[in-house]
Amino acid sequence: MVNRQQLLALSIGTLFAATAHAQTVTVKIGHVAPMTGGIAHLGKDNEAGAKLAIADLNKAGIKIGGKTVKFELVSEDDGADPKQGTAAAQKLVDARVAGVIGHLNSGTTIPASKLYHDAGIPQISPSATNPKYTRQGYKTAFRVVADDVHLGGTLGRYAIKELKGKSVAIVDDRTAYGQGVADEFEKGVKAAGGNVVGRQYTTDKATDFMAILTNLKGKKPDVVFFGGMDAVAGPMLRQMKQLGITAKFMGGDGICTSELPKLAGDAVGNEMIYCAEAGGVEGKYVAKDKAFRERFKKEAGVDVKLYAPYVYDATMVLAEAMKKANSTDPKKVLPALAAIQYDGVTGPIAFDNKGDIKGGTLTLYTYKNGARQLVKVIK
């Protein structure tokens, strides 16, 4: 038999539990990247950055609108495929996420952005660099890295002025990212007085480049630029070596990874490859970035591949906008996001009227003794 005192205690306990539950709200944050396919290593890197941010936010016990927020990451795989990317975006819209971190590739980010725009959901890409993404007039689209106009143009000028290349050949993988960065590189080369002796095309799934490389070899380029990702650049470098092509090899952030030496083997050489990462840390942020990378390795069990720090910052920026708005309602979060001033691990983050990061930096790298080495940070 349960006496009156026990009934009273049970009722009070139930009341407290219900009150505690009412004071906690779950907020879903979407994340999309290729978790399968040739660049799954980059997608998993991005996801690990998001997971670390979500864990940190939940440890902080953030209160929004008088309620403690429990953040939940809803992760989708877009396979770096535009069609799969829009399907993943629709899943997140249907799941009523409060915001999306992603996608990784420009080719999936751009088509998915319309779905987020139509649903009024904030989208922050940590890595999509094609200018079109933030030039569609969508007030839902933001990015925390510099775009291809800055990245490709800088690399084009560097090829002519610093590497002293007189003749340049260009290959791109026909994706929104690869073609976009190659176009901007070509503009940079021509603006610096360089000569483009050939332009060839491949795909983001190709493994055999002998025909296009043989064609380019006959033109004797000083520099070969590839617009694409490391999974394709690695085999391309190996085949360049087989054909005896000794030109310097350049690329954008897609090839500028810690995985490239594994994918290219001894074809990496020393100071033969130059690439730029959209982003870069200076001043006090050098120490912050180093501390983040050390903690990331401890938590994730692997080194940062490329964009994990930017994913971390993008996730934290979204949460900060919610705090500023004192709401998780996307309609209220969007104005706060547009006006955000945030001190991240990668640097200060604020957006212009297109949604692009203000004062975006680039980091130039080369490869030596099988490892990526910093050349310089450029604003």
Side-chain angles (χ1 to χ4, degrees), residues 29-40 42-47 49-50 74-93 97 99-152 172-184 204 227-229 252-254 277-279 306-308 310-315 317-318 330 334 337 349 351-352 354-357 360:
I29 304 295
H31 172 265
V32 196
M35 306 303 292
T36 54
I39 57 170
L42 298 181
K44 290 172 183 176
D45 181 59
N46 277 24
E47 185 186 50
V74 182
S75 191
E76 293 289 344
D77 173 19
D78 66 16
D81 176 73
K83 187 176 179 181
Q84 192 173 330
T86 52
Q90 188 60 55
K91 283 185 182 180
L92 294 181
V93 170
V97 296
V100 175
I101 308 301
H103 301 202
L104 188 154
N105 308 75
S106 295
T108 53
T109 299
I110 294 168
S113 65
K114 185 179 189 306
L115 279 79
Y116 302 131
H117 169 258
D118 291 348
I121 296 173
Q123 176 190 12
I124 310 175
S125 177
S127 47
T129 53
N130 189 297
K132 183 181 175 182
Y133 168 53
T134 53
R135 285 162 173 74
Q136 302 172 98
Y138 297 162
K139 296 301 181 183
T140 49
F142 302 85
R143 73 171 127 220
V144 294
V145 291
D147 70 15
D148 288 337
V149 173
H150 188 19
L151 190 147
D172 78 69
D173 67 1
R174 295 284 88 180
T175 64
Y177 163 70
Q179 184 175 352
V181 74
D183 287 346
E184 295 302 330
D204 59 346
M229 307 301 285
D253 47 342
E277 180 181 304
L306 188 57
Y307 281 118
Y310 299 94
V311 177
Y312 179 89
D313 270 355
T315 309
V317 162
L318 181 60
L334 280 167
L337 190 54
I349 296 173
F351 301 109
D352 65 17
K354 296 190 301 294
D356 283 322
I357 191 167

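Computation of the quantities below employed the complete heavy-atom set of this structure, encompassing side-chain atoms and omitting hydrogens, waters and symmetry-equivalent molecules.
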(message) Could you check whether any side-chain heavy atom of F142 comes within less than 4.5 Å of a side-chain heavy atom of T134, counting everything from C-beta outward?
(response) no
(request) Have a look at S113 and tell me which of Q136, H103, K132, Q123 forms a side chain to side chain donor-acceptor pair (under 3.5 Å) with it. (result) Q136
(message) Let me confirm one number: the CG-OG1 distance from D81 to T86, rounded to the nearest 0.5 Å.
(response) 8.0 Å
(message) Within this structure, what is the CG-CG distance for the pair L104 and L42, rounded to the nearest 0.5 Å?
(response) 6.0 Å
(message) Contact between E184 and L151 at the side-chain level, heavy atoms closer than 4.5 Å - yes or no?
(response) no
(request) Examine distances only and state if a side-chain atom of R135 and a backbone atom of N130 form a donor-acceptor pair shorter than 3.5 Å. (result) no
(message) What I want to check is whether the side chains of Y133 and D147 have a donor and an acceptor closer together than 3.5 Å.
(response) no
(request) Assess whether side chain to side chain contact (heavy atoms under 4.5 Å, CB included) is satisfied between H31 and N46, documenting all intermediate values. (result) CA-CA 9 Å; H31 172 265; N46 277 24; 3.6 Å; yes
(request) Taking the side chain as every heavy atom from C-beta outward, state whether S127 and L306 have any pair of such atoms under 4.5 Å apart. (result) no
(message) For a quick test of reading the model, state the closest non-hydrogen atom pair linking G43 to A33 and the distance between them.
(response) CA-CB, 3.7 Å
(request) Look up atom CD1 in I101 and atom OH in Y312, then write down how far apart they are to the nearest 0.5 Å. (result) 12.5 Å
(request) Compare every heavy atom of G178 with every heavy atom of D173, then report the nearest pair and how far apart it is. (result) OD1-CA, 3.3 Å
(request) Return the minimal non-hydrogen interatomic distance between A88 and D77, and the atom names on each side. (result) CB-O, 4.2 Å
(message) Given Y177, which partner from the list T109, T108, N105, T129 fulfils the side chain to side chain contact (heavy atoms under 4.5 Å, CB included) test?
(response) T129
(message) Side chains of R143 and I357, heavy atoms from C-beta outward: is any pair under 4.5 Å?
(response) no
(request) Mind listing the closest non-hydrogen atom pair of V32 and Y116 along with its distance? (result) CG2-OH, 3.8 Å
(request) Check whether any side-chain N or O of S106 sits under 3.5 Å from a backbone N or O of A128 as a donor-acceptor pair, and report yes or no. (result) no
(message) Working to the nearest 0.5 angstrom, can you tell me the gap between I29 CD1 and L318 CG?
(response) 4.5 Å
(request) Give a yes or no on whether the backbone of G355 and the side-chain of D352 come within a donor-acceptor separation of less than 3.5 Å. (result) yes
(request) Please report the closest heavy-atom contact between A278 and V145, naming both atoms and the distance. (result) O-CG1, 3.0 Å
(request) Output yes when a side-chain donor or acceptor of D45 lies under 3.5 Å from a complementary backbone atom of Y307, and no otherwise. (result) yes
(message) I'd like to check I121 versus T140 (side-chain heavy atoms, cut-off strictly below 4.5 Å). Are they in contact?
(response) no
(message) Looking at every heavy atom in both A80 and P34, which two are closest together, and how far apart are they?
(response) N-CB, 3.5 Å
(message) Which residues pass the side chain to side chain donor-acceptor pair (under 3.5 Å) test with K44, not counting sequence neighbours?
(response) none
